[in-house]
Amino acid sequence: MEKDDFLDALNPAQREAVCATQQHLLVLAGAGSGKTRVLVHRIAWLLKTTPLHPYNILAVTFTNKAANEIRKRIENLLKASVQSMWVGTFHSLAHRLLRLHWQEAQLPQNFQILDADDQVRLVRRSIQSLQLDEERWTPRSVTNFINGKKESGLRPNQIQAHDPHTKTLKQVYETYETLRKQRGLVDFSELLLACVELLKNPNLLSHYQSRFTHVLVDEFQDTNTIQYHWIQQFMGAQNSLMTVGDDDQSIYGWRGAKVENIQRFSQDFPSAHTIRLEQNYRSTSTILSAANTLIANNDQRLGKNLWTAGESGEKISLYAAFNELDEANFVIEKIKQNLRAGYDRKQIAVLYRSNAQSRVLEENLIQAAVPYRVYGGLRFFERAEIKDALSYLRLLLNRNDDTAFERIINVPTRGIGEQTLGILRDQAKLNQISLWQAMLSTLKSQSLTTRAQTALERFHLLIESLTELLNSRSLPELTSAVIHQSGLIEHYQKEKGEKGQARIENLEELINALPVASNETTVQILTDFLSNAVLESGEYEAKAGDDCIQLMTLHAAKGLEFPVVFICGLEEGLFPHPMSLNEGNLEEERRLCYVGMTRAMKKLILTYSEIRRMHGQEHHHSPSRFLREIPTDLLDEVRPAKFTFPISMQKTEHSKNNFSHFNKKPEVAAVKIAGFHIGQTVRHAKFGEGVILNYEGQGPQTRIQIRFKKEGIKWLSLEFTQLIALT
DNA sequence: AATGCTACAGTACTT
DNA sequence: CTGTAGCATT
């Protein structure tokens with residue numbers, strides 16, 4: 001490819017960012033403005049026009065998906081492999097450095113990574129070993145405390161504990177660290193903290209500073225304190241740093257991300273040149289100006305106004321549903337409409353604030369026989385059966401991995417219960433040894449009951465004999481032996497129903513996922529595989545090319561785009577979420593809404609419900625304040641007005657943004673069912689009074705769903721039911 | 001030791 | 001309403 005047409009594909013601002021000669025760059029890239037494009041072209045441009053080698057580049061992202069994407073696109077652009085370039089997530093890159101320098105980092109060579117689940121478990125153990133009340137010191141909150149400190153770069157001894165509460169937390173932190181080190185384990189935050197400490201070694205630091213002359217960071221608004229430090233460390237006098245981000249899309253403050261890092265960057269690197277990418281290539285101008293108006297309500301902004309040269313497109317649809325069933329019905333009808341209009345299923349996304357909202361939508365999609373896929377949820381490597389199998393493998397590599405030991409010592413059940421395990425724990429704690437070592441000495445002393453002694457001996461033998469296979473078998477062969485000889489397969493076969501079957505299939509899937517041939521030893525392959533399993537737990541499931549409706553939370557939608565986007569549940573009490581109001585995070589909620597809206601390319605459909613069942617109770621919510629922040633003339637209010645209150649009747653401070661009464665019109669989820677409508681109160685001869693919730697079918701086959709005051713929710717065939725309208 | 005039951009909690013989530 | 005963790009029961 002010629003250098004020229006390579007740059008021709010860029011707009012002036014993008015080109016300025018790609019070809020900048022300044023040492024440090026801050027690129028404020030609005031949604032859909034070609035952020036990744038700039039990052040990729042910048043790297044390609046550096047490699048093409050300067051003497052830089054891929055080896056000199058360090059590119060950092062938050063997800064593996066983004067990292068893979070960047071590498072792939074650079075290789076496409078350059079038509080060459082860039083193997084030696086380091087592209088990865090903060091955690092995977094830190095991990096790589098720790099593996100390379102495990103001795104300097106004072107880690108065992110075969111250290112393993114704790115996932116979030118295992119970490120909470122280990123924190124629980126620490127709480128228990130200090131004999132603290134688990135009600136008061138919940139493992140979850142203590143884990144948050146520990147991670148919070150690590151992410152601020154603080155070790156226990158650096159914590160100022162003046163009050164008794166903090167003193168206790170600090171104590172648990174210390175205990176946790178002791179256990180963690182004993183077991184040769186490293187948690188996610190530890191990867192970064194340990195790496196920051198590792199790079200304090202002057203020799204290493206100067207080595208990497210001279211190697212990575214160019215550092216590029218994606219999604220900079222999402223970096224936390226330790227990640228910022230980590231990047232900063234690479235910046236010697238000659239190094240160049242480019243950060244790309246969008247303060248309006250910062251939605252992870254709740255997990256420690258610091259938008260302030262953007263301002264901090266400008267202070268720490270005063271020579272940094274700022275470039276704004278404001279031309280949007282994704283959305284219609286209607287969607288864009290709605291999003292712009294919404295986000296303008298935030299005070300804490302660096303300021304940026306997205307524009308597009310594209311067409312204005314359709315108005316944004318707004319549907320006021322009677323309840324969540326009506327909402328789901330509307331969404332599915334509208335989906336069908338768009339499918340008929342020629343959109344593929346995978347071009348349509350349904351977004352919501354909280355995961356619980358997906359259920360009703362899913363039920364209706366199943367009923368309508370529309371294939372869908374829910375993003376998020378349990379990941380492959382987080383499934384119980386997979387973690388069991390991996391724990392066996394971990395124990396084969398490292399006998400001191402008590403976390404793995406505890407997980408599988410009695411899975412499948414082999415007669416080693418709490419009693420026996422308690423003895424081992426006491427032994428281990430008393431002598432400062434691992435559970436495995438405690439088991440060995442206990443076996444030797446013959447102090448257990450015969451039954452426990454035999455059971456433990458058999459477990460000991462099992463692990464020893466599997467370990468021998470490490471040297472003689474490939475990883476898939478070894479793993480197959482593990483799940484069979486341990487009895488895991490048998491154990492899950494016993495589990496009744498589809499669940500057990502699914503677990504077996506997952507275990508077989510695991511064997512397929514294992515690397516087969518390599519020059520390395522099985523031990524090395526296994527070590528790498530186990531780390532990757534924890535660091536890349538998400539990717540594995542991505543079945544590309546599935547043509548499904550995409551369901552996900554607003555958070556999960558970040559970075560994606562779809563021709564047709566639904567945002568459901570725009571209600572006070574749900575979105576913005578009340579939890580965020582307490583903590584004064586309204587601006588972050590608004591940014592989340594902004595992120596959701598800017599995912600849409602052609603069509604945006606917003607819905608809210610007047611009544612919503614949450615936690616088994618009915619809630620009457622008013623429409624989200626975010627709806628009022630969208631200019632009325634961009635909205636097309638479709639609703640079955642008969643039983644809903646116009647939003648304009650709500651008390652609002654922004655009277656200029658009231659919805660008009662004029663543009664309402666009948667819509668798809670036609671609410672009339674043979675003279676009845678959803679939301680209507682009716683009387684049934686036998687069941688008494690109730691409210692119509694939903695309906696399905698047509699003509700004489702129509703069935704309607706009614707919630708009766710006394711009898712609960714029932715489906716009735718309209719043909720055979722006598723109903724009296726009460727409203 | 002395994003199963004069944006009750007009580008309880010219930011924003012967002014990648015690594 | 002739903003899923004889960006811990007407890008009680010056999």
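Below, read A as the first sequence line, B as the second, and so on, with proteins coming before strands; counting in each chain starts at 1. If you're wondering where the values come from, they're calculated on a predicted model, not measured in any experiment. What's counted below: heavy atoms across the whole structure, side chains too, no hydrogens, waters or symmetry copies.
- Under a 4.0 Å N-O distance rule, the pair A/Glu536/A/Lys65 does not qualify as a salt bridge.
- Contact annotation: A/Ser354 side-chain N/O to B/dG10 OP1/OP2 distance is not under 4.0 Å.
- Between the CG atom of A/Leu574 and the P atom of B/dA12 there is a distance of 10 Å, given to the nearest Å.
- OP1 and OP2 of B/dT14 both lie 4.0 Å or more from every side-chain N or O belonging to A/Asn64.
- Annotation: of the two residues near DNA chain B, A/Arg451 and A/His615, the 5′-most nearest-nucleotide partner is A/Arg451.
- Judged as a ring pair (Phe, Tyr, Trp, His ring centres under 6.0 Å), and not counting sequence neighbours, the contacts of A/Phe405 are A/Phe459.
- Salt bridge present: A/Arg301 and A/Asp248 bring a charged side-chain N and a carboxylate O closer than 4.0 Å.
- For the pair A/Thr89 and B/dT15, the criterion of a side-chain N or O lying under 4.0 Å from OP1 or OP2 is not met.
- For A/Asp222 and A/Lys558, the salt-bridge test passes: some basic side-chain N is under 4.0 Å from an acidic carboxylate O.
- Residue contacts shown for A/Glu418 are limited to sugar-phosphate atoms, with no base heavy atom under 4.0 Å away.
- A/Ile549 pairs in a side-chain contact (heavy atoms from CB on, under 4.5 Å) with only one of the listed residues (A/Leu361, A/Val374, A/Val350, A/Val331), which is A/Val350.
- Along DNA chain B, the nucleotide nearest to A/Thr413 and the one nearest to A/Leu191 differ in position, and the one closer to the 5' end is contacted by A/Thr413.
- Using a 4.0 Å cut-off between a side-chain N of Lys or Arg and a carboxylate O of Asp or Glu, A/Glu177 and A/Lys150 qualify as a salt bridge.
- Of the side-chain N and O atoms in A/Asn585, none sit less than 4.0 angstrom from OP1 or OP2 of B/dT11.
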message: In dot-bracket form, 5' to 3', how is DNA chain C paired? Count Watson-Crick and G-U wobble pairs only if both distances fall under 3.5 Å, and write | where the partner sits on another strand.
response: ||||||||||
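- Taking the ring centre of A/Tyr375 as origin, the terminal cationic atom of A/Arg373 falls inside the region bounded by 6.0 Å and 45° from the ring axis.
- The side-chain ring of A/His91 is not stacked on the base of B/dT15, judged by centre separation under 5.5 angstrom and plane angle under 30 degrees.
- Within 4.0 Å of A/Phe188, counting heavy atoms only, lies at least one base atom of the nucleic acid.
- Residue A/Ile416 is in sugar-phosphate contact alone, with no base atom involved, counting any heavy-atom pair closer than 4.0 Å across all strands shown.
- Put simply, A/Asn355 has a side-chain N or O that comes within less than 4.0 Å of OP1 or OP2 on B/dA12.
- Ionic pairing of A/Arg590 and A/Glu587 is not present here: no N-O contact between side-chain nitrogen and carboxylate oxygen is shorter than 4.0 angstrom.
- Ion pair A/Glu406/A/Arg121 not flagged as a salt bridge, since none of the NZ, NE, NH1 or NH2 atoms sits closer than 4.0 Å to an Asp/Glu carboxylate oxygen.
- Rounded to whole Å, the distance from CG on A/Asn410 to P on B/dT3 is 12 Å.
- Computed from coordinates, the A/Leu581 CG to B/dA12 P distance equals 16 Å when rounded to whole Å.
- Using a 5.5 Å limit on the distance between ring centres and a 30° limit on the angle between planes, the aromatic ring of A/Trp254 counts as stacked on the six-membered base ring of B/dA12.
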task: Going 5' to 3' through nucleotides 5-10 of chain C, assign each nucleotide B (protein heavy atom under 4.0 Å from a base atom), S (under 4.0 Å only from sugar-phosphate atoms) or - (no protein heavy atom that close).
output: -S----
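- Salt-bridge check for A/Asp388 with A/Arg503: failed, with every basic side-chain N at 4.0 Å or more from each acidic carboxylate O.
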